[in-house]
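Okay, structure first, notes after.
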Amino acid sequence: MRWTPGGRGNIDDKRGRSGGVGAVSMGIGGVLVLLVLSWFTGVDFLSLVGNQTPSSYETSGTGGAVAASPEEEKLVDFVDAVMEDTQQTWEKLLGGQYQRTRAVLFRDAVQSTCGLAQSAVGPFYCPGDRRVYLDLNLFNELHNRFRAPGDFAQAYVLAHEVGHHVQALTGVEARVRQQQSGDPRARNELSVRMELQADCYAGVWGHSAAQQGRAQQGKVELDPDDLEEGLRAASAIGDDTIQKRSNGHVMPDKFTHGTSAQRVEWFRRGFDSGDPRSCDTFQ
Ligand SMILES: [Zn+2]
């Protein structure tokens, strides 16, 4: 991927404020379960986190300057560039219906309208304040734990979260939440459909980023091997793959995001078409 830094207008930097999580009452097993349950989900699970007693967490951040390495600062510019590019793409696709969001960067834990969340829940989109939340350490996780290296793998994750923002703007998110509360048994299946649509939307952005000669300020351009990185990432975070690795077996009724094959398929569908209308996972 090639990209140029922009003005960080897509970033809401809370790294200095969110601070470390102190005495967390969950053991390592709990943290792993959290990670598995909520990898790339967000809201459902977050409200669960938000219901925990606040005393389980001690945020020690006091605000002010962020101590960050030059490498981390480069990641901030990267996130900004991808956010800028995805949003320009959606502005083109949706016109006046599109309203901008920002990526809230935090460390360890953060308070959002969706509740208090730890980094272990992974990146998430909060419909309540319409922001994407991200701990930059995710990119290490993606590389080391999920074996999905590469900048386009990282960009896919961001574009997936922006896909949830699009669902909030188009009313899909509200409709699904309503259906879920009306029919709890359909909850997971509806969640899978919504997540696969966000994957497809990430692919739609990838299609536009793959056009040549477009790397300018706050814009990205893809290399030939980038699609492969994205597909590998989509496969690595499929429900069946994650379940198999953490439990040794697959529980289809617990799926919330779709299998590896489904995630790859829908990402690919968006990437090939570049058309959000090809992303109707609710049919
Ligand atoms: Zn998601």
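Numbering of residues begins at 1 and proceeds along the displayed sequence. Ligands are counted one by one from 1 in listed order, and the atoms in each one are counted from 1 as well.
At least one N/O/S atom of His164, whether from backbone or side chain, sits less than 2.8 Å from the Zn ion (ligand 1).
The minimum distance between the Zn ion (ligand 1) and any N, O or S atom of His160 involves atom NE2. Its N, O or S atom nearest to the Zn ion (ligand 1) is what matters here, and for Glu195 that atom is OE1.
Rounded to the nearest 0.5 Å, atoms CG (Leu136) and CD (Glu71) are 12.5 Å apart.
Glu73 is linked by a side-chain hydrogen bond (donor to acceptor under 3.5 Å, both in side chains) to Arg8, Arg15, counting only residues two or more places apart in sequence or in another chain.
Of the residues Tyr156, Tyr201, Trp205, the one that meets the ring-ring contact (aromatic ring centres under 6.0 Å, His included) test with Phe267 is Tyr156. The only option from Glu91, Gln87, Lys92 that meets the side chain to side chain donor-acceptor pair (under 3.5 Å) definition with Tyr98 turns out to be Gln87.
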